[in-house]
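All heavy atoms count here, side chains included; hydrogens, waters and symmetry mates do not. Here is the naming used below: chain letters follow the sequence lines, and residue numbers restart at 1 for every chain.
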Protein chains: 2
Amino acid sequence: MDDIDRRILAHLLREARASFQEIGAKVGLSAPAVKRRVDKMVASRQITGFTAMVNPAALGWKTEAYVEVYYRDNISPADLRRSLERIPQVVGVWTIAGEADALVHVIATDMAEIESTVERIRENTRVGRTRSSIVMSRILERPRT
Amino acid sequence: MDDIDRRILAHLLREARASFQEIGAKVGLSAPAVKRRVDKMVASRQITGFTAMVNPAALGWKTEAYVEVYYRDNISPADLRRSLERIPQVVGVWTIAGEADALVHVIATDMAEIESTVERIRENTRVGRTRSSIVMSRILERPRT
DNA sequence: CGTGAAAGTCCAGAACT
DNA sequence: AGTTCTGGACTTTCACG
């Protein structure tokens, strides 16, 4: 991972559908060279994939929340994942050090769906209390460079 | 935005570099038809762009935190954005309803950098207290379908 | 809103510096 | 590491249903 790789990555973060040729022109490399570098970054899991960024509001996902979860006892990351990945409204889960044990990102079409999703999270018997913060507006969101 | 659009979008969320032809084969449309639909979704800002997903750990971004910020008085979203967007370690900001006023996602190379970034957030005189949660592990992270 | 065909562009691998 | 070359695939525009 040298400086050219970083410039290629920066380009892909901004425009993931750019052609290798186009990227090559910017960084001063031929298209095959760029492809080889990108393939390598994907193979080494530095790049984990390419995705579209969507405007949730334009798609009916009007409501979003971050839910802190406190567990009664220790829970393994694997168990945590198993219990939450089947809930489609859960789009992110992180274990945290601080007051709570885990932070869960929930996205839904309306408030009622947020509520029922939090209920589903609570169904796990090991969950103690939860503390939800409803997102009012996205101020800033940028891909990590 | 009909069902075919949703299937195209789902495909792009999974693999943003897929060719229009490939997507067309999955949804039963020709490549030009797919391109027109994608162009339309981009033009209408339902799709806001295409980006690479990176593995922060593989890139030296070892440390991540979510910081809740409590303000002394009301702050406008525009002011909030202005004060935080110049801090490069800040990758996400949302205003929230709950206990705190804003949730700030911070990503850094090490703990010291997290600390100094939180310090920078606190420099704004209107910030009251902050409450940080350090991310220990990413359990689940998926694009919204 | 769809298709099919044109021309231009790009990809992906091979061969070579 | 990098390049150039090449056959085949893809994108993109356009005319048309």
Side-chain angles (χ1 to χ4, degrees), chain A residues 1-62 88 109 141-145, chain B residues 1-62 88 107 109-110 141-145:
Chain A
M1 160 75 33
D2 60 7
D3 199 59
I4 296 178
D5 279 344
R6 267 184 284 274
R7 287 171 62 200
I8 292 172
L9 182 55
H11 205 94
L12 287 170
L13 285 167
R14 238 181 308 115
E15 181 46 67
R17 285 182 70 84
S19 71
F20 294 130
Q21 230 170 255
E22 186 187 331
I23 300 168
K26 303 264 183 182
V27 304
L29 242 52
S30 67
V34 174
K35 176 176 160 43
R36 278 220 291 253
R37 281 168 174 267
V38 172
D39 286 348
K40 195 175 291 181
M41 287 191 275
V42 171
S44 66
R45 314 269 316 149
Q46 293 171 319
I47 293 176
T48 57
F50 300 95
T51 191
M53 292 181 288
V54 301
N55 178 353
L59 284 165
W61 268 265
K62 294 196 193 64
T109 55
E141 211 159 343
R142 58 183 164 209
R144 316 83 163 97
T145 311
Chain B
M1 161 77 29
D2 60 7
D3 199 59
I4 296 178
D5 279 344
R6 266 183 286 274
R7 286 172 62 201
I8 292 173
L9 182 55
H11 205 93
L12 287 171
L13 286 167
R14 234 178 314 113
E15 181 46 65
R17 284 183 71 85
S19 71
F20 294 131
Q21 222 169 253
E22 185 188 330
I23 300 167
K26 302 265 182 180
V27 303
L29 244 52
S30 67
V34 174
K35 176 176 162 40
R36 275 223 293 251
R37 281 169 174 268
V38 173
D39 286 348
K40 194 175 291 179
M41 287 191 275
V42 171
S44 66
R45 316 267 318 148
Q46 293 171 319
I47 292 175
T48 56
F50 300 95
T51 191
M53 293 181 288
V54 300
N55 178 353
L59 283 164
W61 268 266
K62 294 196 193 68
I107 190 161
T109 54
D110 56 30
E141 211 159 341
R142 58 183 164 208
R144 316 83 164 97
T145 313

Problem set entry | Intermediate values then yes/no, side chain to side chain contact (heavy atoms under 4.5 Å, CB included), B:Phe50 and B:Leu13 | CA-CA 9 Å; B:Phe50 300 95; B:Leu13 286 167; over 6 Å; no
Tabulate protein N/O versus nucleotide N/O from nucleotides 13-17 of chain C, keeping only pairs under 3.5 Å, one per line.
none

Seminar exercise, completed: Applying side chain to side chain donor-acceptor pair (under 3.5 Å) to B:Asp39 and not counting sequence neighbours gives B:Lys35
Exercise. Looking only at heavy atoms, which two atoms of B:Arg7 and B:Val27 are closest? And how far apart?
Worked result: NH2-CA, 3.5 Å
For this session: Could you check how far CD of B:Glu15 sits from P of D:dC10, rounded to whole Å?
Result: 14 Å
Exercise. Can you give the dot-bracket line for DNA chain C, where a pair is Watson-Crick or G-U wobble with both atom distances under 3.5 Å, crossing pairs use [ ], and | marks a partner on another strand?
Worked result: .||||.|||||||||||
Exercise. Under the side chain to side chain donor-acceptor pair (under 3.5 Å) test, which residues partner B:Arg17, sequence neighbours left out?
Worked result: none
Problem set entry | Test side chain to side chain donor-acceptor pair (under 3.5 Å) applied to A:Glu141 - qualifying residues, sequence neighbours left out | A:Arg138
Exercise. When you measure from every atom of DNA chain D, which of residues 18-30 of chain A have a heavy atom less than 4.0 Å away?
Worked result: A:Leu29, A:Ser30
For this session: Could you measure between the two P atoms, the one in C:dA12 and the one in D:dT12, and give it in whole Å?
Result: 15 Å
For this session: Scan residues 43-56 of chain A for pairs that pass side-chain hydrogen bond (donor to acceptor under 3.5 Å, both in side chains), counting only residues two or more places apart or in two chains.
Result: A:Ser44-A:Gln46
Exercise. Sequence neighbours excluded, which residues qualify as side chain to side chain contact (heavy atoms under 4.5 Å, CB included) partners of B:Arg14?
Worked result: B:His11
Exercise. A:Ser30: what forms a side chain to side chain donor-acceptor pair (under 3.5 Å) with it, not counting sequence neighbours?
Worked result: none
Exercise. In chain order, what residues pass the side chain to side chain contact (heavy atoms under 4.5 Å, CB included) check against A:Ala25, with sequence neighbours excluded?
Worked result: none
Exercise. B:Arg36: what forms a side chain to side chain contact (heavy atoms under 4.5 Å, CB included) with it, not counting sequence neighbours?
Worked result: none
